[in-house]
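The structure appears right after this line, and notes come after that.
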Amino acid sequence: MGNTGVLNITMPERVSYIIERLEAAGHEAYAVGGCVRDSMLGREPQDWDITTSALPEETKAIFSRTVDTGIKHGTVTAMFGKEGYEITTYRVDGKYSDGRHPDSVAFTRSLEEDLKRRDFTINAMACNSRELVDMFGGAEDLENKLIRCVGVPEARFGEDALRILRAVRFSAQLGFDIDPATLDAAKKLAPTLANISAERIHAELHKLLMSDHPDRLKLLHDLGIDRIILPELEHTSQKGLLDELCDRMAAAPAVTSVKWAMLLLYTGSASEIMHRLKFDNQTIYTVKALLRFGQTPVAELDPAGMRRLMSDAGLELMEPLFDFIHASSPGLDLAGAKALYRSIIEAGDCTDIRLLAVNGHDLMQAGVPAGKEVGKTLDMLLSAVLADPSFNTREKLLELALNNRQD
Ligand code: ATP
Ligand code: MG
């Protein structure tokens, strides 16, 4: 890591190296956007984006291994082993006719032009080892904890409505307020979020929920965004449940399925919303399972009941389930239930049909007719084992299976 000294931004060695190589070839190059913002905040940047006056072909001539990741938009990824760094040519975005994609992009040799197209002042700073380029007061807004559009907010949101949701998301991630003029424009143009794809809305909502300040989802309602992208949440607000939801949201750990189950708990139509927002099947399955098993009175379960829950819900669901129940019913004392759950895990009790001491094949050999009867018998044996783990021996289970048949 090389420290830039005056700026107090520590760039990874690789990033300094890339910038130096580009400069040595006669180009300008800077780290830009989120990485500069996060460094200045003392947060670890997720990735380091580089912006340069070099055209993509010029960049490609400098580095030995590159991938054309977004060549149309001027982005080339320089590869170092498995690690890649995105290097994007300074660009200006053309007219936005549809409120979500520029009709064209044009390259420019001016850093100022490139910074101007960026959404918020805090995202529009660039730095190299010598200087911080901050043309729109980004450092001051960082200081004052403000999200503010670069340029005229209405125009910027008019170009790309996703920026409205990004403003709320950054507010939640950073704990910043949104500047009044930016806030007004967001409110005015919120209806244009109807043009934005479900995938992008999902991605932003996800970052909002997983942030340090998920209670800022209140802004979605204040700005009239909820009724456009999540009408079911507006109903939650109308029922006066929004404050409660925000509190609970903040109390839930940052686990995807738990956060979404919390959000959707109040809407009553989780499945529909998740399909609309293009969730993957695994997450849909897990969130629905949390909502279903979240009704279980876990604090009242005896050992057999807890083993039954573990079997029905599946072991992978148990930790998120405790988190979800804790977040959705904050008054409930779960210490006893968790201790019981752990003691069952430690004892190694069977809570899965696949871990019974006999399988379907064993049952058929013992005379249970192939087909439905095998499954039914295994279910019956599992029930017996959940009630009393000591039954899980081959001898006892076969005996139980055969006695049952003679009944
Ligand atoms: P994150 O930590 O979420 O990655 P980020 O600031 O890096 O935050 P990205 O979406 O990775 O956000 O975008 C990188 C940079 O590109 C931003 O900092 C901003 O300068 C610019 N940018 C991204 N999306 C937009 C947009 N919709 N409109 C204008 N500028 C944008
Ligand atoms: Mg980024």
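In listed order, ligands and their atoms are each counted from 1. Just so it is clear, the values below take in all heavy atoms, side chains as well, and ignore hydrogens, waters and symmetry mates. Every value quoted in this text rests on a predicted model; they were computed, and no experiment measured them.
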Phe322/Tyr341 aromatic ring centres below 6.0 Å:
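Yes - the distance between ring centres of Phe322 and Tyr341 falls below the 6.0 Å cut-off.
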
Heavy-atom donor-acceptor pair, Arg65 side chain to Gly81 backbone, under 3.5 Å: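 Judged by distance alone, yes, a pair lies under 3.5 Å.
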
query = Just by modelled atom types, is the Ala54 backbone N or O under 3.5 Å from a matching donor or acceptor in the Thr52 side chain?
reply =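 Side chain of Thr52 to backbone of Ala54: a pair is present.
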
Do any nitrogen or oxygen atoms of [X] lie less than 3.5 angstrom from nitrogen or oxygen atoms of ligand 1?
X      : result
Asp38  : no
Arg156 : no
Asp160 : yes

Do me a favour and list the nearest non-hydrogen protein atom to [atom] with residue, atom name and distance?
atom                    : answer
atom 4 (O) of ligand 1  : Gln46 OE1, 4.2 Å
atom 14 (C) of ligand 1 : Asp49 OD2, 4.0 Å
atom 7 (O) of ligand 1  : Gly34 CA, 3.6 Å
atom 30 (N) of ligand 1 : Asp119 N, 3.1 Å
atom 5 (P) of ligand 1  : Arg37 NH1, 3.8 Å
atom 28 (N) of ligand 1 : Arg163 NE, 2.7 Å

request  = Between Arg43, Met125, Arg166, Arg118, flag the one that comes closest to atom 22 (N) of ligand 1 by a heavy atom.
outcome  =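 Nearest option to atom 22 (N) of ligand 1, by heavy atoms: Arg166.
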
_Quick one, Arg156 and Asp119 - any side-chain contact, counting heavy atoms below 4.5 Å?_
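No, their side chains stay 4.5 Å or more apart.
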
Strictly below 4.0 Å, N to O, side chains only: are Glu58 and Arg109 in salt-bridge contact?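 Judged by the 4.0 Å cut-off on N to carboxylate O distance, Glu58 and Arg109 do form a salt bridge.
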
Notebook entry, point to check: Between Arg307 and Asp349, is there a side-chain N and carboxylate O pair less than 4.0 Å apart?
Noted result: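 A salt bridge links Arg307 with Asp349.
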
For ligand 1, which atoms sit closer than 4.0 Å to a heavy atom of [X]?
X      : value
Gly33  : 18 (O)
Lys207 : 3 (O)
Arg117 : 29 (C), 30 (N)

Side chains of Asp280 and Thr283: do they bring a donor and an acceptor to under 3.5 Å?
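Yes, because at least one side-chain N or O of Asp280 sits under 3.5 Å from a partner of the opposite role on Thr283.
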
Exercise. Say whether Thr51 and Arg91, considering side chains only, have a donor N or O and an acceptor N or O under 3.5 Å apart.
Key: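 The answer is no; no qualifying pair exists.
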
ask   = Does Arg169 come within less than 4.0 Å of ligand 1, judged by its heavy atoms?
value =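 Under 4.0 Å: yes for Arg169.
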
>> Tell me whether ligand 1 is touched by Phe170 - counting only heavy atoms on the residue side and a distance under 4.0 Å.
In response: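 Right, Phe170 reaches ligand 1.
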
Which bit of Asn123 gets closer than 4.0 Å to ligand 1, counting heavy atoms only: side chain, backbone, both or neither?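 Within the 4.0 Å criterion, Asn123 contacts ligand 1 through backbone and side-chain atoms alike.
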
Exercise. Report the part of Phe157 (side chain from C-beta onward, or backbone N, CA, C, O) that has a heavy atom under 4.0 Å from ligand 1; answer both or neither where that applies.
Key: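 None of Phe157 does.
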
How are the rings of Tyr17 and Phe80 set relative to one another: parallel (under 30°), tilted (30 to 60°) or perpendicular (over 60°)?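 Answer is perpendicular, since the angle exceeds 60°.
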
task = Could you check whether the rings of Phe279 and His202 sit parallel, tilted or perpendicular, using 30° and 60° as the cut-offs?
result =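 If you compare the ring of Phe279 with that of His202, the planes turn out parallel.
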
Next on the checklist: Please report the interatomic distance CG(Leu174) to NE2(His213), rounded to the nearest 0.5 Å.
Outcome noted: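 Output value for this atom pair is 8.0 Å.
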
Practice item. Give a yes or no on whether atom 11 (O) of ligand 1 lies under 4.0 Å from any heavy atom of the protein. Key: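 Flag for atom 11 (O) of ligand 1 set to false, no protein heavy atom closer than 4.0 Å.
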
